[in-house]
Amino acid sequence: MTRAEYEAVLAAFAPDLAVADAAPIAVTTRAGTAPVLPGAHLTKADGSVQDVAVDWDAVDAAQYARPGTFTVAGVAQDDSRAPVTAHVTVTAPLQLTASVRCLAGKATVVVTAANLGSTTVDIALSSGFGAKTLTAIAPGAAASAAFTTRQAAVAAGTVTAAAGGAVLDTAYPATDCG
């Protein structure tokens, strides 16, 4: 028996159990922080509504390590056993910008990292021109670092920042200082 067939039987013989609709579930979490998944709000075939607990599938830490989105499946823990899904949006606890400046005819990659989180963090930066750590960046604060390239021109590239289990990339443009 398929789920649709089962729901049709429930709707005909037990409309107080059959799920006509599950309200969308949207959750936001910061990168590196496991999402807190809520229960579900179900509308039954008889028109009644019910808030129920959900048994959610396990979430791999890799899914919330970087900003982006993913979906988690679960099963409503009422007599309907209806399948539900949660759409999780992962935001970065950091804001990262990178640019290239010309100093004495040489390109310098300048990175600014802002801590959008609620705790003080160390931010590890890496690029094709080395690695640096910005230490003890307070919530709401920002700090900058410069990567000297010793080159008159650089191709477009990426700088990576890691803090508190979160990883964020940002691009910088190609620049010719010659």
Side-chain angles (χ1 to χ4, degrees), residues 21-41 53-75 83-178:
D21 184 50
I25 300 171
V27 175
T28 301
T29 189
R30 292 210 186 269
T33 302
V36 176
L37 299 168
H41 183 77
V54 175
D55 182 18
W56 294 105
D57 289 351
V59 178
D60 184 343
Q63 291 184 287
Y64 55 85
R66 289 182 175 264
T69 60
F70 64 94
T71 302
V72 181
V75 176
V84 295
T85 57
H87 300 283
V88 180
T89 300
V90 181
T91 61
L94 308 172
Q95 182 176 28
L96 192 62
T97 59
S99 61
V100 181
R101 297 185 184 150
C102 295
L103 300 171
K106 306 292 183 192
T108 300
V109 177
V110 178
V111 181
T112 301
N115 179 359
L116 304 179
S118 59
T119 60
T120 299
V121 295
D122 291 342
I123 303 172
L125 302 172
S126 62
S127 75
F129 304 106
K132 297 188 179 207
T133 300
L134 304 172
T135 57
I137 308 304
S144 297
F147 292 92
T148 304
T149 69
R150 296 186 180 93
Q151 300 172 16
V154 293
T158 302
V159 175
T160 301
V167 179
L168 181 65
D169 297 320
T170 193
Y172 57 85
T175 304
D176 187 348
C177 297

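The side chain to side chain contact (heavy atoms under 4.5 Å, CB included) with L94 is formed by just one residue from the set T170, I123, L116; it is I123. With T149 as the fixed residue, the side chain to side chain contact (heavy atoms under 4.5 Å, CB included) test singles out one of V154, L103, T175, V100: V154.
In the model, T135 has no side-chain atom that pairs as donor or acceptor with a side-chain atom of D122 under 3.5 Å.
The OG1 atom of T69 lies 10.5 Å from the CD atom of Q63; values are rounded to the nearest 0.5 Å. Interatomic distance, CG of D169 versus OG of S127, reported as 12.0 Å (0.5 Å rounding).
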- Task: Could you give me the CA-CA distance, side-chain angles and deciding distance for V36 and V27, then say whether side-chain contact (heavy atoms from CB on, under 4.5 Å) is met?
- Result: CA-CA 8 Å; V36 176; V27 175; 5.8 Å; no

- Message: Run V88 and V59 through side-chain contact (heavy atoms from CB on, under 4.5 Å) and show every step you take.
- Response: CA-CA 11 Å; V88 180; V59 178; over 6 Å; no

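When all heavy atoms of L96 and A113 are compared, the closest pair comes out as CD1-CB, 3.9 Å. Pairing each heavy atom of I25 with each of G39, the nearest pair is CD1-O, 3.8 Å. Counting all heavy atoms, side chain and backbone alike, A34 lies closest to T29 at O-OG1, 3.8 Å. Taking all atoms of both residues into account, the shortest heavy-atom contact from G117 to P139 is O-CB, 3.3 Å. In plain terms, the two heavy atoms of Y64 and P35 that are nearest each other are CD2-CD, 3.7 Å. Of all the heavy atoms in K132 and F147, the pair that sits closest is CG-CE2, 3.8 Å.
The shortest side-chain heavy-atom distance between V109 and V159 falls under the 4.5 Å cut-off.
Residues in residues 90-108 take part in no salt bridge (Lys or Arg N to Asp or Glu O under 4.0 Å) pair, two or more places apart or across chains.
Between the T108 side chain and the A146 main chain, no donor and acceptor come within less than 3.5 Å of each other.
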